[in-house]
Amino acid sequence: MPAISDLEIGLFFWAEPDARATLVNVLSTGVTSGQLAIDGTVKLTPETAAEWKAALAEADFHLFTVFAAYEGENYADIPTVERTVGFIPKATRAEREVRTREVIDLAAALGVKSFGCHVGYIPHDKSHPDYIDVRDMVRRIADYAATHGMSYCLETGQEPAGQLLEFFKDVDRSNVKINFDPANMILYGSGEPIEAFKLLRPHVISVHGKDGDWPDPAKPGSLGTERPLGEGSVNIAKFFATLRETGYTGPVCIESGVHGEAQRWEALKRDVELLKSVRG
Ligand code: MG
């Protein structure tokens with residue numbers, strides 16, 4: 001198991017069909033730790049778990065978190081996110097709960113202590129049936145994760161920090177935590193990320209290194225634009241200073257969707273170097 005430093009710079013990456021080849025690329029960026037994301041098309045069989053377990057051991061790679069994404073999710077704009085992402089869409093709620101348990105089982109087989117996903121747009125009205133159903137589903141998933149000694153991380157973005165905190169308190173499970181994504185706060189227009197981080201800080205166990213610009217106010221319902229690390233509105237240096245000031249010592253995993261396929265790993269290598277130099 002590699003040594004993990006304070007503010008360890010890791011990589012958020014997607015499971016590709018060949019676990020070993022995926023990790024060769026991930027290691028080429030200069031990290032030895034990260035978060036594995038499982039999209040809805042990945043077949044979750046005992047063989048999948050065995051292949052990832054062997055590949056992680058061979059690569060001496062530390063996984064902080066396994067994330068789940070679901071078939072049918074679409075991040076085109078805010079109304080589409082509301083309609084398709086996480087546990088909110090009623091038509092897929094039951095099947096996504098089953099899938100979530102399967103991804104948690106995979107994480108457990110890999111010895112990972114944290115699971116995460118987007119819940120989706122939580123209704124503001126606490127008496128709304130979707131609010132109640134989704135809150136209860138989050139409780140069931142948290143309780144299932146707890147049977148594996150695992151925390152369940154809510155990913156930030158769709159809610160302002162205050163609203164997420166209210167939901168968090170209402171869920172009322174000690175193993176529910178927060179994966180804080182500063183760029184998502186900007187991309188969804190959910191609030192200034194440094195203030196949001198300070199509010200959520202006691203519950204944050206992992207952080208994403210991502211950057212972006214605010215939505216265009218002339219285009220209601222639009223999302224902001226993801227930008228290369230250091231070129232967006234997060235203010236990465238100030239964000240790292242805030243991580244330090246607030247005593248956060250957990251990982252910062254680079255999540256980037258802006259690099260084209262051909263240059264992706266080279267570009268991520270530069271991102272890793274950039275964050276390591278900002279961290280110092
Ligand atoms: Mg993120």
Side-chain angles (χ1 to χ4, degrees), residues 7-15 26 29 31 33-40 63-70 73-78 80-81 84-88 100 103 107 112 114-122 151-161 164 167-168 176-194 196-197 200-201 203-215 223-236 239-240 242-243 248 250-259 264 267-268 271-272 274-275:
L7 298 177
E8 174 84 8
I9 306 299
L11 194 68
F12 171 102
F13 60 98
W14 294 91
V26 170
T29 68
V31 301
S33 65
Q35 297 174 311
L36 174 66
I38 305 290
D39 76 29
L63 273 189
F64 296 108
T65 320
V66 171
F67 274 88
Y70 304 95
E73 288 186 320
N74 185 321
Y75 290 84
D77 53 28
I78 286 175
T80 309
V81 172
T84 66
V85 168
F87 305 153
I88 303 300
T100 300
V103 176
V112 176
S114 174
F115 163 80
C117 68
H118 275 291
V119 170
Y121 270 97
I122 301 161
S151 58
Y152 170 27
C153 284
L154 307 176
E155 167 85 345
T156 59
Q158 278 113 24
E159 287 75 34
L164 184 64
F167 179 74
F168 179 91
V176 172
K177 305 290 181 188
I178 290 171
N179 181 88
F180 187 84
D181 187 323
N184 282 355
M185 303 307 296
I186 289 173
L187 297 174
Y188 289 89
S190 300
E192 206 282 315
I194 288 174
F197 178 79
L200 299 171
R201 164 69 188 93
H203 314 295
V204 174
I205 61 165
S206 48
V207 164
H208 279 165
K210 190 163 99 179
D211 214 339
D213 287 333
W214 296 90
L223 287 160
T225 308
E226 195 186 332
R227 305 268 292 137
L229 264 183
E231 295 178 24
S233 302
V234 166
N235 191 339
I236 296 290
F239 183 61
F240 264 79
T242 306
L243 296 180
Y248 175 80
V252 180
C253 292
I254 294 166
E255 180 191 11
S256 183
V258 292
H259 305 312
R264 178 163 53 126
L268 284 167
D271 289 341
V272 170
L274 173 73
L275 276 204

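Read the numbers this way: they start at 1 and go in the same order the structure lists the ligands and their atoms.
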Run the side-chain hydrogen bond (donor to acceptor under 3.5 Å, both in side chains) test on Y70 and T100 for me, step by step, so that the C-alpha distance in whole Å, both residues' side-chain angles and the decisive distance to 0.1 Å come before the verdict. CA-CA 9 Å; Y70 304 95; T100 300; 2.6 Å; yes

Using the rule given for side-chain contact (heavy atoms from CB on, under 4.5 Å), can you reason through E255 versus Q35, listing the C-alpha separation, both sets of side-chain angles and the distance that settles it, and then say yes or no? CA-CA 9 Å; E255 180 191 11; Q35 297 174 311; over 6 Å; no

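In this structure a side-chain-to-backbone donor-acceptor pair under 3.5 Å is present from T156 to D181. Side-chain atoms of E73 come within 3.5 Å of backbone N or O of G86 as a donor-acceptor pair.
Checking Q158 against Y188 by side-chain atom types alone, a donor-acceptor pair falls below 3.5 Å. Between the side chains of H259 and D271, at least one donor-acceptor pair of N or O atoms lies under 3.5 Å.
Sorted by chain and number, the protein atoms of type N, O or S within less than 2.8 Å of the Mg ion (ligand 1) are E155 OE2, D181 OD2, H208 ND1, E255 OE1.
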